[in-house]
Participant: 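Have a look at this one before I ask anything.
In each ligand, atom 1 is the first atom listed, and ligand 1 is the first ligand listed.
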Amino acid sequence: MKAVVYRGERDLGIENRDPEPPGPGQVRIEVAYTGICGTDLHIYHGDMDARVGDSAIIGHEMSGRIAAVGEGVTGWNIGQAVTVMPTRPCGRCAACRRGNSHVCHAMNFLGIDSPGAMQSSWTVPVELVLPLPEELPLDHAALVEPVAVAVHDVRRGNVTADDQVVVVGGGPVGVLIATVARGRGARVLLVEPDPFRREVAEGIGIEAVDPRATDVVALVNDRTDGAGADIAFEVSGSPAGVTTAVDVLTTRGRLVMVAIHPQPREVNLHRFFWRELELLGARLYQRDDMVEAIRLVASGAIPARQLISRVEPVEAAGAAFEALEGGGVMKVLLDVREGNQ
Ligand SMILES: [Zn+2]
Ligand SMILES: [Zn+2]
């Protein structure tokens, strides 16, 4: 079977490996599609070598079908469509003991800390597997994991109908947050400098503005009788994005921090004091978020077709990573099915 192997900075290999038979409590999945995520790009750039070993199979956004079940596994059928929640909490740390195992301090993240989904045969513990509705196309189902991120973020922000929401950053996660928030009845404005990303957002009915051409704070104030936004999501990871997300908020507004900021940022804390703002971190997802994400993708609430820019054969993984860096794409999937060509 084929596997995309990270060999070091900007070096991906396509290797033939033997499928791993499922042990007790495991299932073997024939993977269909695996999405390339921002995290995979960080790995590709060599930024995560301390966590990702040499010859690591990466990838964690996937869909596929059950191919074999190990000893003691019941309730699953061969050929059943599934996805995988790629997080294995330790169950012992302080976060796990307090019921927050999704942000476990010693998390084993499949595709980073252990072999991931960019392989045509993936063997995983059965407790991480979730069933997919048969009518859901498997390419669309590869979006379930990033949609679960958006569902979790929107829950953290407690978005309700009639809220004015501002999403700063219009990559795949930002656009998905905007879509999920809109699905809750909120009015949503997306802030994104890249014209291609704005075009994709507008194409699925999300208003998107260029922060270099539009005074975002003035626009939001204008829309809200001078009040400001109820919730802002910072998904850009940029200092300017943080400033915008703080400045648009209304009294007692909430800032949900989604992006990974690699270093400390300057934040206008006087505004937090003056307007009694709240700051909430939001990371990964819980199983309920995955279940809700499956429901949203299957129902068509997530416009998967418009968000998947390209599907490349696994042999073209290197080119697909390069394309993502070059811009002009939203979500890129690898077709990892055996015999896809
Ligand atoms: Zn991801
Ligand atoms: Zn833990």
Participant: So, do F109 and L284 sit near enough that their side-chain heavy atoms are less than 4.5 Å apart?
Facilitator: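 They are in contact (side-chain heavy atoms under 4.5 Å apart), so the answer is yes.
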Participant: Mark yes when over 12 heavy atoms from residues, nucleotides or ligands other than R51 sit less than 6.0 Å from its CZ; otherwise mark no.
Facilitator: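 Yes - once you tally the heavy atoms of other residues, nucleotides and ligands closer than 6.0 Å, there are more than 12.
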Participant: Quick check on E135: does its CD atom have over 12 non-hydrogen neighbours (other residues, nucleotides or ligands) under 6.0 Å away?
Facilitator: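 Count over threshold, so yes.
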Participant: Other residues, nucleotides and ligands only: do more than 12 of their heavy atoms fall within 6.0 Å of CZ on R305?
Facilitator: no
Participant: Just the protein N/O/S atoms under 2.8 Å from the Zn ion (ligand 2), please, no waters.
Facilitator: C90 SG, C93 SG, C96 SG, C104 SG
Participant: Going by heavy atoms in the side chains, are R10 and E322 under 4.5 Å from each other?
Facilitator: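 Of all side-chain heavy-atom pairs linking E322 with R10, at least one is under 4.5 Å.
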Participant: Please check if the number of heavy atoms outside D162 that lie under 6.0 Å from its CG is greater than 12.
Facilitator: no
Participant: Let me confirm one number: the CD-NE2 distance from E234 to H261, rounded to the nearest 0.5 Å.
Facilitator: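 Taking CD in E234 and NE2 in H261, the distance rounds to 3.5 Å.
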Participant: What protein N/O/S atoms are found closer than 2.8 Å to the Zn ion (ligand 1)?
Facilitator: C37 SG, H60 NE2, E61 OE2
Participant: Does E61 pair with K331 as a salt bridge, N-O distance under 4.0 Å?
Facilitator: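 A salt bridge links E61 with K331.
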Participant: To the nearest 0.5 Å, tell me how far R310 CZ sits from I308 CD1.
Facilitator: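 Those atoms lie 13.5 Å apart.
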